[in-house]
Amino acid sequence: MAKLKAGVIGLGMGWGHLCGYLDHPDVEVVAVADRRPERRERAQREHGDRIGKIYNEGIDLIKNEKLDILSVAVPNNQHKELTIAGLEAGANVLCEKPMAMNEAEAQEMLDTAKRCNRKLGIDFSYRFNPQSRAMKKVVESGALGEIYYARTAWFRRDGMPGLAESDFNTSSKAGGGMGSWFFDKQQSGGGPLIDLGVHRLDLALWLMGYPEPAYVMGSTYSKFGPERAKARNLEYTVEDLACAMIKFKNGATLELDASWASHIKEREDQYTRLIGTKAGLLHKNVNEGYTYEVEFFKTEEGVALDSKLHEPAPAMPSAFTLFADAVRDDTDFLVKPEEGVIVMRLLDAIYKSAATGKPVEL
Ligand SMILES: NC(=O)c1ccc[n+]([C@@H]2O[C@H](COP(=O)([O-])OP(=O)(O)OC[C@H]3O[C@@H](n4cnc5c(N)ncnc54)[C@H](O)[C@@H]3O)[C@@H](O)[C@H]2O)c1
């Protein structure tokens, strides 16, 4: 079988996509694109013999290459345009999270994928780890009973992209010269809610079976960003903390928090807690970092039967491997684009509720 031809646009997070495809035995990377010369140079230096052509502009890559797989890993305001161009040119597209700037854009991407009969995957990367897979299995076994309440959060103490306090003594424009699009609403669509919150929201919704939302109440705050940006002659137009309560039609409730900067103990505090009628689960990061553990809580005959979930090897394949597998085998990818659209609908509702101070009915 001929190898699948893949292209990657954007070599920040997209570097992971590139490496994932390079590692896949049935994929050949025919092109990558990035506007930043140092990222193109790195691609040439480290993988020049294995990546075909290197473009400056993503749209030129799409126009000139015949792709089976396209990864879109650029700032959020370009997800729609490049994804639609890729789908219309015949590629299956793996788009970074958030799917788009808002629900309307995400829906247009989904409609295009259907019209072109191509796969569209969203990289909700927090599903692609063994703890998440183990949790999903436990939930699907019915061990939790009815999940009626969940809380999902990602707080950072000092993790504003490009504007962390700890970056302020550097001579660069904004924390290492990177990241300033994250706090420009025109390019990002929002702050930590659309950046970090999407991951925790998707994880909780996926575990809960994506119940249909009924109401959303949200708040957003910008207590640190504007001042920090001003000190660098930059403008900060997004929130730095968001919180929300989502009520579902089945009666369940989900609370969500996302912050880039807040007075908390931990450098990074991530968790998703599910409370069921029979048992509970807690997914939490370990040592303020990016490894995770899952605890299971249950009481029987007055005895606490608490345990930790483990999933034996082999490790969960990456989103990039699984997307390529899905294209090769014409099977479903783990993240459905319809789920990406629902996440955008909820984010739109949270921002609307925050702006109006009122609950939003969905
Ligand atoms: N799944 C995850 O865990 C995860 C983690 C980080 C970022 N992301 C997402 O990945 C996307 C990119 O974020 P990032 O952190 O890599 O940002 P980044 O700014 O570090 O990198 C984006 C790159 O895209 C390039 N670019 C922009 N427009 C382009 C175009 N039209 N053609 C070619 N190159 C272009 C830029 O030059 C830049 O190098 C965002 O949507 C972000 O939300 C996802």
(request) Answer yes if Leu207 and Val335 sit in the same cluster of Ile, Leu, Val, Met, Phe, Trp and Tyr residues linked by side chain heavy atoms under 4.5 Å apart, and no otherwise. (result) yes
(request) Could you tell me whether Arg345 and Glu103 make a salt bridge, using a distance below 4.0 angstrom between a side-chain N and a carboxylate O? (result) yes
(request) Would you list the pairs meeting salt bridge (charged side-chain N to carboxylate O under 4.0 Å, His left out) in which at least one residue belongs to residues 47-61, sequence neighbours left out? (result) Arg35-Glu57
(request) Could you tell me whether Lys308 and Glu295 have a side-chain N and a carboxylate O separated by less than 4.0 Å? (result) no
(message) Looking only at side-chain N and O atoms, does Trp154 offer a donor or acceptor that is under 3.5 Å from a partner on Glu268?
(response) yes
(message) Can you confirm if the aromatic rings of Phe155 and His263 lie within a centre distance of less than 6.0 Å?
(response) no
(message) I want to check a possible cation-pi pair here: Arg157 against Trp260, using under 6.0 Å from ring centre and within 45° of the ring axis as the test.
(response) no
(request) Check whether any side-chain N or O of Asn102 sits under 3.5 Å from a backbone N or O of Ala104 as a donor-acceptor pair, and report yes or no. (result) yes
(request) Write down the atom of Arg156, the atom of Ile264, and the distance for their closest heavy-atom approach. (result) C-CD1, 4.1 Å
(message) I'd like to know if Asp158 and Arg228 make a salt bridge, using a cut-off of under 4.0 Å between side-chain N and carboxylate O.
(response) yes
(message) Test side chain to side chain donor-acceptor pair (under 3.5 Å) on Glu227 and Tyr236; report intermediate values, then the result.
(response) CA-CA 8 Å; Glu227 217 172 289; Tyr236 186 97; over 6 Å; no
(request) Determine, for Arg127 against Glu339, whether the closest basic-nitrogen to carboxylate-oxygen distance falls under 4.0 angstrom. (result) yes
(request) From the options Phe124, Phe320, Phe323, select the one residue that forms a ring pair (Phe, Tyr, Trp, His ring centres under 6.0 Å) with Phe333. (result) Phe323
(request) Decide yes or no on salt bridge (Lys or Arg N to Asp or Glu O under 4.0 Å) for Asp26 and Lys3, but give the supporting numbers first. (result) CA-CA 5 Å; Asp26 301 321; Lys3 289 194 176 195; over 6 Å; no
(request) Give the minimum heavy-atom separation between Ala229 and Glu235, together with the two atoms involved. (result) CB-C, 4.1 Å
(message) Taking Pro98's backbone N and O only, do any of them form a donor-acceptor pair with His79's side chain (distance below 3.5 Å, no angle check)?
(response) yes
(message) Any carboxylate oxygen within less than 4.0 angstrom of a Lys/Arg side-chain nitrogen, looking at Glu300 and Lys298?
(response) yes
(request) Give a yes or no on whether the backbone of Met101 and the side-chain of Glu105 come within a donor-acceptor separation of less than 3.5 Å. (result) yes
(message) Quick check: closest heavy atoms across Met13 and Ala73, and the distance to 0.1 Å?
(response) C-CB, 4.4 Å
(request) Decide whether Ile342 and Leu362 are clustered together by the hydrophobic rule: side chain heavy atoms of Ile, Leu, Val, Met, Phe, Trp, Tyr closer than 4.5 Å, transitively. (result) yes
(request) Using the side-chain contact (heavy atoms from CB on, under 4.5 Å) rule, pick out the option among Ile62, Asp34, Val32 that qualifies with Ile9. (result) Ile62
(request) Compare every heavy atom of Ala261 with every heavy atom of Met160, then report the nearest pair and how far apart it is. (result) CE-CB, 3.8 Å
(request) Find out whether Tyr215 and Val360 are in side-chain contact, i.e. whether some heavy atom of one side chain is under 4.5 Å from a heavy atom of the other. (result) no
(request) For residues 279-290, pull every pair meeting salt bridge (charged side-chain N to carboxylate O under 4.0 Å, His left out), keeping only residues two or more places apart or in separate chains. (result) Asp269-Lys284
(request) Output yes when a side-chain donor or acceptor of Asn92 lies under 3.5 Å from a complementary backbone atom of Val327, and no otherwise. (result) no
(message) Tell me if a side-chain donor or acceptor on Lys136 pairs with a main-chain N or O of Trp206 at a distance below 3.5 Å.
(response) yes
(request) Report yes or no: do Tyr292 and Gln270 form a side-chain donor-acceptor pair below 3.5 Å? (result) yes
(message) Quick one, Leu274 and Leu144 - any side-chain contact, counting heavy atoms below 4.5 Å?
(response) yes
(message) Checking the side chain of Arg118 only, and the main-chain atoms of Gly90 only, is there a donor and an acceptor separated by less than 3.5 Å?
(response) yes
(message) Can you confirm whether Thr237 sits close enough to Phe183 that some side-chain heavy atom of one is under 4.5 Å from a side-chain heavy atom of the other?
(response) no
(message) Regarding Lys278 and Glu146, does a basic nitrogen lie under 4.0 Å from an acidic carboxylate oxygen?
(response) no
(request) Give a yes or no answer on whether the side chain of Thr112 reaches the backbone of Ile84 with a donor-acceptor pair at less than 3.5 Å. (result) no
(request) Give a yes or no on whether Leu22 and Leu11 share a hydrophobic cluster (residues Ile, Leu, Val, Met, Phe, Trp, Tyr; joining criterion: side-chain heavy atoms under 4.5 Å apart). (result) yes
(message) I'd like to check Met316 versus Leu322 (side-chain heavy atoms, cut-off strictly below 4.5 Å). Are they in contact?
(response) yes
(request) Answer yes or no: is there a donor N or O on one side and an acceptor on the other, between the side chain of Asn76 and the main chain of Ser188, under 3.5 Å? (result) yes
(request) Please check if any side-chain donor atom of Arg273 sits under 3.5 Å from a side-chain acceptor atom of Tyr271, or the reverse. (result) no
(message) Listing request: all side-chain hydrogen bond (donor to acceptor under 3.5 Å, both in side chains) pairs with a residue in residues 346-362, at least two apart in sequence or in separate chains.
(response) Glu239-Tyr351
(message) Looking only at the side chains, is there a donor atom on one of Tyr210 and Glu338 sitting less than 3.5 Å from an acceptor on the other?
(response) no
(request) Verify side chain to side chain contact (heavy atoms under 4.5 Å, CB included) between Leu346 and Leu205, making sure each step is shown before the conclusion. (result) CA-CA 11 Å; Leu346 287 167; Leu205 289 171; 3.7 Å; yes
(message) Are Tyr21 and Tyr55 connected into the same hydrophobic cluster when the rule is that any two of I, L, V, M, F, W, Y join if their side-chain heavy atoms are below 4.5 Å apart?
(response) yes
(request) Consider only side-chain N and O atoms of Thr272 and His283, and report whether a donor and an acceptor are under 3.5 Å apart. (result) no
(request) Heavy atoms only: give me the nearest Leu241-Pro192 pair and the separation to one decimal. (result) N-CG, 4.0 Å
(request) Quick one: do Leu193 and Leu256 satisfy side chain to side chain contact (heavy atoms under 4.5 Å, CB included)? Show the steps, please. (result) CA-CA 9 Å; Leu193 178 64; Leu256 164 70; 3.7 Å; yes
(request) Decide whether Leu196 and Leu347 are clustered together by the hydrophobic rule: side chain heavy atoms of Ile, Leu, Val, Met, Phe, Trp, Tyr closer than 4.5 Å, transitively. (result) no
(request) Calculate, to the nearest 0.5 Å, the distance between atoms CG and OG belonging to Leu203 and Ser132 respectively. (result) 4.5 Å
(request) Check the surroundings of atom NZ in Lys137: do more than 12 heavy atoms from other residues, nucleotides or ligands lie under 6.0 Å from it? (result) yes
(request) Decide, yes or no, whether a salt bridge links Glu65 with Lys5 under the criterion of side-chain N to carboxylate O below 4.0 Å. (result) no
(message) Using every non-hydrogen atom in the two residues, find where Ser222 and Val238 come nearest and quote the distance to one decimal.
(response) OG-O, 2.8 Å
(message) Using the rule side-chain hydrogen bond (donor to acceptor under 3.5 Å, both in side chains), only one of Asp68, Asp332, Thr331, Asp330 pairs with Lys119; which is it?
(response) Asp330
(message) Please check this pair: side chain of Thr152 against backbone of Arg200, looking for a donor-acceptor N/O pair closer than 3.5 Å.
(response) yes
(message) Assess whether a salt bridge exists between Glu38 and Arg42, defined as any Lys/Arg side-chain N lying under 4.0 Å from an Asp/Glu carboxylate O.
(response) no
(request) State whether Asp202 and Lys97 are salt-bridged, where the test is any N-O pair (Lys NZ or Arg NE/NH1/NH2 against Asp/Glu carboxylate O) under 4.0 Å. (result) no
(request) Return yes if some donor-acceptor pair links the side-chain N/O of Ser318 with the main-chain N/O of Thr321 below 3.5 Å, else return no. (result) yes
